[in-house]
Asks: 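Got a structure for you, written out below as structure tokens; questions coming shortly.
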Amino acid sequence: MLFRQIEYLQAVVETGSFYQAAERCHVSQSAISQQIKKLEEELDVKLLDRHNRTFTLTPAGEHFYRKSLIIMSDIEQMKRETKRIADHDHASLRIGYYKGYNGNELTEAVAEFSQKYPTVEVSVISRSHDELYEAMEKNDIDLALNDQRRAFSDAYNNEVLAESRIYAEISSRNPLSRLDQLEISELKNTACILVINSAGRQEEERYYGEVVGIKGDFLFADSLQEARMKVITGQGYLPVDVIGSQPQSDSTIARIPLVRNGDPVRKNYCAFWRKDNSGYYIEDFAKILQSRF
């Protein structure tokens, strides 16, 4: 039995067509058909019931297909882990998180994971939304904790962790700090401060302007500390994502829920990792992270 035959069968089942399977596997339609027939002959079972131009899986075919997915997944994982050992001679986990994330769940998850796997080297970076996406595409990180701004991709594992509310951090000396909630439209004359590097400013400004609906001027800071100093000195307000209940201990800053037409402004936070870069450590860390949320 050849792995290629298994791949051909999987392609036929998943595309629902011998023609599309041939396109996907970059071979002729006759080659696909011949190899699947050879596979059936070797197994001495019928995997497909053919009906002119259509087909259905036999019960044996359904069983074989499902088991083949598990086997191929295990083989791919074995290949990745073998390569990692050869390349680095030790296990590692590379995590990226969105700069606007403001919570303790990630650090708690990293601490739990490191206690469970003390020999695994864990590295963590903070980037903008699009920078994290690019890092995933380039295989520079294994898993991203990020807010959802795109439709979920089938190429990724997309684990929804929690829904956040966007709050405005504003100087406690600002009269707006006395309000129980802030309509986005009420902040049009107050600058919005975003924590982002120069490369990601246009992307972040577009998101908060077009999607969140913030109007007015934008100011930028390279770090959360710098942004809060701008808030304290009355230069503007800082939108922050709050998951659950997070107390605000700084008496110089008020944290007030943002609303749009009376409705809370919300985001989804997710763990993303590529399906072709999925392994035991990544998946176990994702489970730990989910439990912290």
Asks: When you compare the side chain of Val110 with that of Leu93, does any pair of heavy atoms fall below 4.5 Å?
Replies: no
Asks: What do you reckon, is CG of Asp180 surrounded by more than 12 foreign heavy atoms closer than 6.0 Å?
Replies: no
Asks: Counting distance only, does the side-chain N/O of Arg274 pair as donor-acceptor with the main-chain N or O of Ala155 below 3.5 Å?
Replies: no
Asks: For Met229, does its backbone N or O pair with a side-chain atom of Thr233 as donor and acceptor, under 3.5 Å?
Replies: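 Between the backbone of Met229 and the side chain of Thr233 there is a qualifying donor-acceptor contact (under 3.5 Å).
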Asks: Tell me, please, which residues at least two apart from Arg66 pass salt bridge (charged side-chain N to carboxylate O under 4.0 Å, His left out).
Replies: none
Asks: Kindly compute the distance separating OG (Ser128) from CZ (Arg201), expressed to the nearest 0.5 Å.
Replies: 12.0 Å
Asks: Please collect all ring-ring contact (aromatic ring centres under 6.0 Å, His included) contacts where either partner lies in residues 10-45, sequence neighbours excluded, each pair once.
Replies: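 Sorted result for residues 10-45: Phe18-Phe55.
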Asks: Tell me which pairs pass salt bridge (charged side-chain N to carboxylate O under 4.0 Å, His left out) where either residue lies in residues 7-21, with sequence neighbours left out.
Replies: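 Salt bridge (charged side-chain N to carboxylate O under 4.0 Å, His left out) check on residues 7-21 returns Arg4-Glu7, Glu14-Arg24.
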Asks: At what distance, to the nearest 0.5 angstrom, does NZ of Lys188 lie from NZ of Lys215?
Replies: 11.5 Å
Asks: Any ion pair linking Glu40 and Arg50 (charged N to carboxylate O, less than 4.0 Å)?
Replies: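 Yes, charged N to carboxylate O under 4.0 Å.
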Asks: According to side-chain hydrogen bond (donor to acceptor under 3.5 Å, both in side chains), who are the partners of Ser68, at least two apart in sequence or on a separate chain?
Replies: Gln10
Asks: Should we count CD of Gln225 as having more than 12 external heavy atoms under 6.0 Å?
Replies: no
Asks: Could you work out, with salt bridge (charged side-chain N to carboxylate O under 4.0 Å, His left out) as the rule, every residue matching Glu108, not counting sequence neighbours?
Replies: Arg292
Asks: Can you tell if the side chain of Glu42 reaches within under 4.5 Å of the side chain of Gln5, non-hydrogen atoms only?
Replies: yes
Asks: Check whether any side-chain heavy atom of Cys270 sits under 4.5 Å from a side-chain heavy atom of Val160, and report yes or no.
Replies: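 Touching, per the 4.5 Å side-chain cut-off.
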Asks: Do Glu204 and Arg149 sit within salt-bridge range, that is, some charged N less than 4.0 Å from a carboxylate O?
Replies: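 Answer for the salt bridge query: yes.
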Asks: Donor-acceptor pair, Glu183 side chain versus Leu258 backbone, under 3.5 Å?
Replies: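 No; judged by distance alone, with no hydrogens or angles, the pair does not exist.
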Asks: By side-chain hydrogen bond (donor to acceptor under 3.5 Å, both in side chains), which residues pair with Glu159, not counting sequence neighbours?
Replies: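 Glu159: no side-chain hydrogen bond (donor to acceptor under 3.5 Å, both in side chains) contacts found.
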Asks: Linking I/L/V/M/F/W/Y whenever their side-chain heavy atoms sit closer than 4.5 Å, directly or via other members, would Val240 and Val259 fall into one cluster?
Replies: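 Val240 does not cluster with Val259.
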Asks: How long is the span from the CG atom in Leu143 to the OH atom in Tyr281, to the nearest 0.5 Å?
Replies: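 Taking CG in Leu143 and OH in Tyr281, the distance rounds to 15.5 Å.
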Asks: Under the ring pair (Phe, Tyr, Trp, His ring centres under 6.0 Å) rule, collect the residues that match up with Phe285, sequence neighbours excluded.
Replies: Phe113
Asks: Do other residues, nucleotides or ligands put more than 12 heavy atoms under 6.0 Å from the CD atom of Glu186?
Replies: yes
Asks: Within a reach of under 6.0 Å around CG of Asp217, are more than 12 heavy atoms found that belong to other residues, nucleotides or ligands?
Replies: no
Asks: Could I get the full list of side-chain hydrogen bond (donor to acceptor under 3.5 Å, both in side chains) partners for Arg150, not counting sequence neighbours?
Replies: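 Per chain and number, Arg150 pairs via side-chain hydrogen bond (donor to acceptor under 3.5 Å, both in side chains) with His129, Asp130.
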Asks: Is Ile75 close to Phe3 at the side-chain level, that is, under 4.5 Å between some pair of heavy atoms?
Replies: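 Yes, their side chains come closer than 4.5 Å.
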Asks: Could you check Ser30 against Ser28 for side-chain hydrogen bond (donor to acceptor under 3.5 Å, both in side chains), going step by step and ending with a plain yes or no?
Replies: CA-CA 5 Å; Ser30 61; Ser28 68; 3.1 Å; yes
Asks: Quick one: does any side-chain atom of Tyr101 pair with a main-chain N or O of Leu106 as donor and acceptor, under 3.5 Å?
Replies: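 At least one qualifying donor-acceptor pair exists.
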Asks: Going by an N to O cut-off under 4.0 Å, is there a salt bridge joining Asp140 and Lys138?
Replies: no
Asks: Short question: side chain of Asp222, backbone of Asn197 - any donor-acceptor pair under 3.5 Å?
Replies: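 No; zero donor-acceptor contacts below 3.5 Å.
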Asks: Measure the shortest side-chain to side-chain distance between Leu132 and Phe272 over non-hydrogen atoms and say whether it is less than 4.5 angstrom.
Replies: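 In short, these two side chains do not touch, never coming nearer than 4.5 Å.
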Asks: For Leu47, does its backbone N or O pair with a side-chain atom of Thr58 as donor and acceptor, under 3.5 Å?
Replies: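 The answer is yes, because a donor-acceptor pair under 3.5 Å joins these two groups.
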Asks: Checking Tyr156 now: which residues fulfil ring pair (Phe, Tyr, Trp, His ring centres under 6.0 Å) with it, not counting sequence neighbours?
Replies: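 In terms of ring pair (Phe, Tyr, Trp, His ring centres under 6.0 Å), with neighbours along the sequence ignored, Tyr156 is linked to no residue.
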Asks: Residues two or more places apart in sequence or in another chain: which of them pass side-chain hydrogen bond (donor to acceptor under 3.5 Å, both in side chains) with Asp284?
Replies: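 So Asp284 forms a side-chain hydrogen bond (donor to acceptor under 3.5 Å, both in side chains) with Lys116, Tyr117.
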Asks: May I have all residue pairs that pass salt bridge (charged side-chain N to carboxylate O under 4.0 Å, His left out) and include part of residues 55-65, sequence neighbours excluded?
Replies: none
Asks: For Glu163, what residues pass the salt bridge (charged side-chain N to carboxylate O under 4.0 Å, His left out) criterion, not counting sequence neighbours?
Replies: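 With sequence neighbours excluded, Glu163 shows a salt bridge (charged side-chain N to carboxylate O under 4.0 Å, His left out) to Arg266, given in chain and number order.
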Asks: With no hydrogens and no angle check, is any side-chain donor or acceptor of Asp142 less than 3.5 Å from a backbone partner on Trp273?
Replies: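 No.
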